[in-house]
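The figures that follow rest on heavy atoms only: side chains count, while hydrogens, waters and symmetry mates do not. The chain is numbered in sequence order, starting from 1. Indexing begins at 1, ligand by ligand and atom by atom, following the structure's order.
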Amino acid sequence: MTNFQLSTYNFQLPATFFIETYGCQMNASDSEVVAAIMQNAGFTIAGDIREADILFINTCAVRDNAEQRVWGRLDFFRQLKQRRPSVITGVLGCMAERLKETLLENGTVDLVAGPDAYRSLPQLVREAESGQKGINTLLSREETYADISPVRMDKNGVTAFVSIMRGCNNMCAYCVVPYTRGPERSRPADSILAEVRGLLEKGYKEVTLLGQNVNSYAWKNTDDPSKTIDFAKLLELVALEDPALRVRFSTSHPKDMNNAVLYTIAMYPNICNHIHLPVQSGSTRLLQVMNRGYWRESYLERIARIREIIPGCAISTDIIAGFCSETDDDHAQTLSLLREVAFDAAYMFKYSERPNTKAARQFSDDVPDGIKTRRLMEIIALQNRLSLESNRRDVGKTFEVLAEGPSKRSPGDLAGRTPHNKMVVFPKAHCKAGDRVSVKITACSSATLTGVMI
Ligand code: 5AD
Ligand code: SF4
């Protein structure tokens, strides 16, 4: 009887699965939840994509080029399936949620599961295996996968993501995330702290608390509703778990980034002095069209508070070039804001219209592609200069670097990050991944610092 459920598989158990992940850190974290759900159902992780019985692709829908990349990979999955027709392929994540059953039409995809449907994956696999196409794209108001212990797939054993909330309620006009990840919900604080403790026991040295908008984290203890844990409090509780644990978080929303969080960062030396604060545009008019809930002046005021309360704090951002109705003047204001703030780093994108968003329904995608590209190039050129200047200011200084593993470019060296989230490459000597070392910076590019241990 105990094998009753499993006997419906034709697989010779244990069937193996492989997950390929695209998109943001949240997706990387979700893939670890998927791996846990699959392992708990008796499947095992395949070492090689070509040997796996089940191929999952965890997808991103935030820009069209992210989706194109996934279509390219699905082509490759099709070839693998031609060679071994028993292989089951599943599309997970934001593209699954956005495209739903249309993904099943091209014949390559056997199952589709949205971000809140991962608990049903073993069942969907079962259905696919019996020849039915399985699909679950229900979004949830409650699902946080709080009770699931993610299977860490990064393999460095040093840094880990901890999801603290899911979904987003912000409805920025350009963004598909509220539609693909559903409404915002916070994960119970005790389950977050338990996960952090588990990571500490396994020897992890750094956690990154993840959410679409971490500043609106709020968890009401059902036993005592008068006690709401907000993000500042949660950050403090995580920092207090172990003063040697490095704590990071992402992403912050400028409209919700309050001083309480800044004071908490300033108070605990193990909370890294780095804030990712996407601005998107430097033009107040465009920020209003985007429905961002702040304007240029209030954003700059936030930056001033950060620098006052946490001197030397690194700040990074996201920028969108060529959003609907963006004029040369709006663009000039974005460039001037970049100069004024002098961000340490930025992720910069060309606006990509996403079906069904407010912008797609109500505005015209009216900035010609050539102009979008030119503006993006100007933004990137300026930011590269600013990043280089920021890195040059670090040359000669000494930072505590948490070694994460071999450098990709020079595998004989170690790579790790400063508290400011800058990547540093340095000679290995007697060090190993997981060590915290003092590194004196000797040189830099716009992307990386190099140094020597002292
Ligand atoms: N087009 C281009 N960039 C986008 N982003 C979100 N939606 C879009 C879009 N439709 C960017 C924003 C966000 C980051 C994660 O992706 O800058 O902060
Ligand atoms: Fe998208 Fe805005 Fe939510 Fe970020 S805050 S996920 S940009 S809607």
Side-chain angles (χ1 to χ4, degrees), residues 22-30 59-69 93-95 97-98 115 139 163-186 208 210-217 231 249-257 275-283 286-294 299 302 315-326 330-331 334 337-338 343 345-367 369 371-373 375-376 379-380 383:
Y22 291 83
C24 62
Q25 296 171 327
M26 202 75 192
N27 262 14
S29 169
D30 279 3
T59 61
C60 171
V62 88
R63 282 171 292 277
D64 185 57
N65 57 11
E67 291 200 0
Q68 292 314 320
R69 217 167 301 143
C94 289
M95 227 173 127
E97 193 62 46
R98 194 178 88 67
L139 287 173
S163 164
I164 65 163
M165 58 205 298
R166 299 181 70 80
C168 183
N169 285 347
N170 282 313
M171 298 291 172
C172 299
Y174 50 81
C175 187
V176 78
V177 168
Y179 306 92
T180 60
R181 289 192 159 268
E184 179 185 291
R185 67 223 95 126
S186 295
T208 303
L210 289 183
Q212 239 67 48
N213 175 8
V214 291
N215 305 105
S216 60
Y217 176 85
F231 183 59
F249 57 91
S250 188
T251 293
S252 298
H253 196 304
K255 78 175 166 56
D256 300 317
M257 175 48 116
I275 297 176
H276 185 60
L277 201 65
V279 66
Q280 316 296 1
S281 167
S283 153
L286 212 63
L287 288 169
Q288 282 171 332
V289 181
M290 288 176 166
N291 195 29
R292 286 290 287 171
Y294 58 88
Y299 184 88
R302 282 292 83 202
I315 305 173
S316 56
T317 201
D318 292 346
I319 301 281
I320 297 176
F323 184 61
C324 310
S325 83
E326 187 185 73
D330 294 319
H331 170 61
T334 296
L337 182 124
L338 286 176
F343 292 104
Y347 298 94
M348 299 152 282
F349 314 101
K350 199 155 75 162
Y351 171 58
S352 165
E353 186 178 84
R354 309 312 294 135
N356 297 324
T357 53
K358 183 182 180 209
R361 284 183 277 115
Q362 297 182 12
F363 309 141
S364 154
D365 183 10
D366 54 1
V367 178
D369 193 58
I371 295 184
K372 278 185 191 168
T373 304
R375 288 180 186 164
L376 179 65
I379 289 167
I380 291 174
Q383 183 54 46

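- Considering only non-hydrogen protein atoms, atom 17 (O) of ligand 1 sits nearest to Q280 OE1, 2.6 Å.
- Checked by atom type and distance alone, the side chain of K358 never pairs as donor or acceptor with a backbone atom of C172 at under 3.5 Å.
- Side-chain rings of F249 and H276 stay apart, their centers remaining 6.0 Å or farther from each other.
- Sorted by chain then number, the residues whose non-hydrogen atoms approach ligand 2 to under 4.0 Å are C168, N170, M171, C172, Y174, C175, V177, P178, Q212, H253, R292.
- Note that the CE atom of M26 and the CG atom of D30 stand 5.5 Å from one another [nearest 0.5 Å].
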Test side-chain hydrogen bond (donor to acceptor under 3.5 Å, both in side chains) applied to Y174 and Q280, step by step | CA-CA 11 Å; Y174 50 81; Q280 316 296 1; 3.2 Å; yes
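- Considering backbone and side-chain N/O of Y351, none are found under 3.5 Å from N/O of ligand 1.
- The only option from V176, N65, D64 that meets the side chain to side chain contact (heavy atoms under 4.5 Å, CB included) definition with S352 turns out to be D64.
- Contact annotation: for V62 versus ligand 1, heavy atoms closer than 4.0 Å belong to both the backbone and the side chain.
- Summary of contacts: the protein heavy atom closest to atom 7 (N) of ligand 1 is Y174 CD1, 3.3 Å.
- Looking at V279, D318, T317, N65, it is D318 that brings a heavy atom closest to atom 15 (C) of ligand 1.
- Look at R354 and E67 and you find a salt bridge, because one of the NZ, NE, NH1 or NH2 atoms lies within 4.0 Å of a carboxylate O, short of that distance.
- The aromatic rings of Y294 and H253 lie perpendicular to each other, with more than 60° between the two planes, well past the 30° mark.
- Given atom 11 (C) of ligand 1, the protein heavy atom at minimum distance is R63 NH1, 3.2 Å.
- Note that R98 lies outside the cation-pi zone of Y179, set by a 6.0 Å cut-off to the ring centre and a 45° limit from the axis.
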Should S281 and E326 be marked as a side-chain hydrogen bond (donor to acceptor under 3.5 Å, both in side chains) after you check the CA-CA gap, both sets of side-chain angles, and the distance that decides it?
-> CA-CA 10 Å; S281 167; E326 187 185 73; 5.1 Å; no
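- Ligand 1 is never approached by E353 to a heavy-atom distance shorter than 4.0 Å.
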Any chance you could lay out the salt bridge (charged side-chain N to carboxylate O under 4.0 Å, His left out) test for R375 and D330, step after step, and finish with the verdict?
-> CA-CA 11 Å; R375 288 180 186 164; D330 294 319; over 6 Å; no
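- Atoms of ligand 1 lying under 4.0 Å from at least one heavy atom of F349, given by number and element, are 3 (N), 11 (C), 14 (C), 16 (O), 17 (O).
- Nearest protein heavy-atom contact of atom 1 (N) of ligand 1 is S352 N, 3.0 Å.
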